[in-house]
Amino acid sequence: MDNRSIAQLLSETADLLEISSGDPFRIRSYRRAAEAVESTTVQISAIAGDAKKLQEIPGIGKGMASNIQDIEKTGSLPLRDELLQKYKPTMLELLKLPGMGPKSVALFWEALQVASVDELEAAIAAGRLKDLPRFGEKQIEKLRKGIEDYKKNSGRFLIDTGEEAAEKLIAYLREFPGLTTIQPAGSLRRGRETVGDLDILVTGPACAEDKVQAAVDYTAAYPPIANLIAKGQNKVSFILRSGLQVDVRLLPEASYGAALQYFTGSKMHNVSIRQRALKRGYTLSEYALAKVDDGSFVAGATEEDIYAALSLAWIPPELRENNGEIEAAEKGTLPKLIEQSDIRGDVHMHTNATDGRNTIREMAEAALARGYEYIAITDHSKNLAMTNGLDDARALEHVRRIREVDAEMEGRIRVFPGIEVDILGDGEIDLADETLAQMDVVVASVHTLFNQPREQMTERVLRAIENPYVRILGHPTGRLLLRREPFELDLPTVMRRAAELGVAMEHNAYPDRLDLSDRDLRLAKELGCKISVNTDSHHTSHMEKMRYGIRQLRRAWLTKEDVLNTLPAKQFLAALRPRP
DNA sequence: GCCGTTTTCGGCCCGACTGTTTTCAGTCG
């Protein structure tokens with residue numbers, strides 16, 4: 001079993017323990033172990049036979065090592081099975097609703113025998129929550145909205161989950177001789193935040209009509225398949241253990257480009273493209289672009305051929321949403337979209353001084369290895385007590401250490417001192433101005449403000465960015481996809497003021513918290529609001545998540561010029577709001 | 001349940017915020 005699945009089982013056990021009001025420290029151990037398994041570079045299944053080796057991983061002790069061995073052997077662990085006798089697996093789903101924690105899940109179960117999102121929805125509709133302690137009108141309304149939102153998104157997976165699943169499957173398919181080109185299409189290729197299912201296109205000599213059956217059989221034998229839905233001439237559909245549905249299509253080389261174009265979508269883009277084809281006497285299908293009158297082949301081997309035959313420049317998949325990209329492709333005015341290699345620095349990251357995993361030096365080395373020219377270390381401030389946030393004294397001491405590391409790196413990479421401060425309930429920043437004055441990068445973070453009316457929220461954020469030391473507004477929408485609704489914040493007003501003040505807007509690149517939607521990003525550009533795309537890395541390995549942020553920027557038509565951290569170090573600092 | 005040591009057990013990141021409380025529980029990061 002892969003690390004992620006093991007981590008998931010441990011984490012589920014922690015959730016179940018919490019619902020059963022188990023020992024909080026024991027619960028934390030399971031959570032820590034889950035995190036350790038997820039973030040370690042060691043492949044757990046490879047060393048599962050050796051309890052000693054397992055215990056070398058920090059956070060894994062004797063008991064946890066034995067739990068992991070049980071997981072490898074049986075696919076579960078005794079404690080989890082035991083708890084699942086008492087509670088239902090669907091209760092874990094309830095925890096995903098905003099405002100729902102283990103105590104509420106336990107309460108609903110004990111008082112109402114409600115154990116799933118559907119049952120909760122029915123209970124709310126029937127007014128059965130009214131007599132419950134702690135549940136007044138507002139709480140019930142919040143839950144109702146939360147369920148609505150959850151249902152809208154459920155069934156979809158975050159892009160990184162989709163991408164990982166795709167990469168594994170592609171690696172498997174590559175083992176089969178004669179499959180030369182294997183590529184994901186659909187929303188994964190378009191770089192959407194979430195994917196509903198995976199479309200994988202395959203071609204090569206082994207996909208020729210008389211040979212394809214062997215490749216189809218091989219695909220259908222992919223070990224992680226939980227449920228094979230269909231196996232036909234050139235298509236295999238299945239559901240993975242994770243619940244993700246996958247469609248693999250094996251196509252002859254001549255129609256590969258047509259298929260890629262067709263299955264990449266989006267639907268609206270394809271409708272427009274096909275209309276355009278018809279106007280020119282062509283018809284476009286997933287097999288080819290052909291003449292309407294005699295059906296003769298025009299193009300199909302590559303996407304470029306097809307677009308060119310329609311007098312269009314090739315359109316990057318991220319733009320294919322029928323938002324003017326076809327007109328731009330016709331006129332030759334498609335933007336040169338930002339690329340990952342344009343990014344020169346990542347200016348929001350944490351170290352083990354607070355809740356990060358690595359030292360300043362380790363973060364700097366990892367960033368250097370990625371080819372960055374600079375980073376900013378922005379650990380948490382004291383308000384986030386749970387992260388061991390820095391008070392003024394510790395923050396200043398941290399600045400000193402960051403400067404030391406900066407010197408140690410001898411110019412190979414710059415390491416800027418910074419901090420991620422919280423915006424408090426009154427719009428104040430939780431550290432003194434004298435402390436902030438020592439920082440190159442002050443990220444004022446919205447993420448601790450919750451559940452507030454839109455006006456109040458907006459007012460506090462506006463107040464916070466008036467602080468002259470604040471240079472970047474962090475987590476501007478506090479958006480955690482599939483988990484919570486976006487903050488109620490008057491974003492245009494905030495962006496307008498940020499633009500006036502020269503405060504940059506952060507776009508968090510992390511897949512589950514891509515802060516700004518395509519629309520938000522376009523709006524920022526329109527309003528002249530500067531954008532910095534950061535990973536908020538808590539571990540050296542998190543820096544690679546930058547690519548998801550870049551995809552999102554591309555979807556919003558942004559170019560290198562629209563993003564601050566494509567600038568060299570000095571210009572980057574100069575482009576931020578001037579310090580008092 | 002882990003860790004570190006005091007080698008056998010005690011300590012383990014906690015403060016803000018909300019809604020429903022009439023003094024606080026639950027959730028969040």
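First the proteins, then the strands, lettered A, B, ... as listed; each starts at 1.
- One interatomic measurement links the two molecules: CE of A/Met100 to P of B/dC28, which rounds to 10 Å at whole-angstrom precision.
- Legend: ring pair (Phe, Tyr, Trp, His ring centres under 6.0 Å) pairs involving residues 489-524 of chain A, not counting sequence neighbours, sorted by first then second residue: A/Tyr510-A/His542.
- The shortest distance between the side-chain N/O atoms of A/Arg134 and the OP1/OP2 oxygens of B/dG26 is below 4.0 Å.
- Annotation: side chain to side chain donor-acceptor pair (under 3.5 Å) contacts involving residues 114-123 of chain A, sequence neighbours excluded, comprise A/Asp118-A/Lys151, A/Glu121-A/Lys151.
- For the C1' atoms, the distance linking B/dT8 with B/dC3 amounts to 13 Å, nearest Å.
- A/Thr354 comes within contact range of no nucleotide atom at all, as no heavy-atom separation falls under 4.0 Å.
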List, with names and distances, any nitrogen or oxygen atoms from the protein found under 3.5 Å away from nitrogen or oxygen atoms belonging to nucleotides 7-9 of chain B.
none

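- Spacing of C1' atoms, B/dC9 relative to B/dC14, comes out at 24 Å, to the nearest Å.
- Within 6.0 Å of CD in A/Glu137 there are 12 or fewer heavy atoms belonging to other residues, nucleotides or ligands.
- A/Pro58 comes within 4.0 angstrom of sugar-phosphate atoms only, judged by non-hydrogen atoms across all strands, and of no base.
- Looking only at distances, no side-chain donor or acceptor of A/Asp518 sits under 3.5 Å from a matching main-chain atom of A/Ala556.
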Give every pair of a protein N or O atom and an N or O atom of nucleotides 11-16 of chain B that lie under 3.5 Å apart, one pair per line with the distance.
unit_1 : atom_1 : unit_2   : atom_2 : d
B/dC13 : OP1    : A/Arg28  : NH1    : 3.1
B/dC13 : N1     : A/Met386 : O      : 3.1
B/dC13 : O2     : A/Met386 : O      : 2.5
B/dC13 : N3     : A/Met386 : O      : 2.8

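- Atom name C1', nucleotides B/dT21 and B/dT27: the rounded distance is 16 Å, in whole Å.
- We find that CG of A/Leu94 is positioned 17 Å from P of B/dG26, with the value rounded to whole Å.
- You'll find the side chain of A/Val470 stays beyond 4.5 Å of the side chain of A/Ile423, heavy atoms only.
- Of the listed residues (A/His350, A/His538, A/Glu362, A/Glu35), just one forms a side-chain hydrogen bond (donor to acceptor under 3.5 Å, both in side chains) with A/Arg357, and that residue is A/Glu35.
- In the set B/dT18, B/dG19, B/dG1, the nucleotide with an atom closest to the side chain of A/Arg460 is B/dT18.
- Distance check on atom C1': B/dT6 versus B/dG11 gives 13 Å, rounded to whole Å.
- Using a 4.0 Å heavy-atom distance criterion, A/Pro102 is classed as a sugar-phosphate-only contact.
- Counting any heavy atom pair closer than 4.0 Å across all strands shown, A/Glu137 reaches sugar-phosphate atoms only and no base atom.
- To the nearest angstrom, P of B/dG26 lies 12 Å from CD of A/Glu18.
- Taking a pair to require two hydrogen-bonding distances under 3.5 Å in either a Watson-Crick or a G-U wobble arrangement, B/dT8 remains unpaired.
- Of the residues near DNA chain B, A/Ile57 and A/His380, the one whose nearest nucleotide (by heavy atom distance) lies more toward the 5' end is A/Ile57.
- A straight line from CG of A/Leu129 to P of B/dT20 spans 12 Å, rounded to a whole angstrom.
- Rounded to an integer number of Å, the gap from CD of A/Gln139 to C1' of B/dT18 is 8 Å.
- In this structure, A/Lys96 and A/Val117 have side chains that are not in contact, with every pair of non-hydrogen atoms separated by 4.5 Å or more.
- Distance from the side chain of A/Lys138 is smallest for B/dT20 among the nucleotides B/dT20, B/dG1, B/dG26.
- Taking A/Arg497 as the reference, A/Glu466, A/Glu500 meet the salt bridge (Lys or Arg N to Asp or Glu O under 4.0 Å) condition, with sequence neighbours excluded.
- B/dC12 and B/dC17: their C1' atoms are spaced 25 Å apart (whole Å).
- Spacing of P atoms, B/dC13 relative to B/dT22, comes out at 34 Å, to the nearest Å.
- Counting to the nearest Å, the C1' atom of B/dC2 and the CD1 atom of A/Ile27 are 15 Å from each other.
- Residues that satisfy the side-chain hydrogen bond (donor to acceptor under 3.5 Å, both in side chains) test with A/Thr13, not counting sequence neighbours, are absent from this structure.
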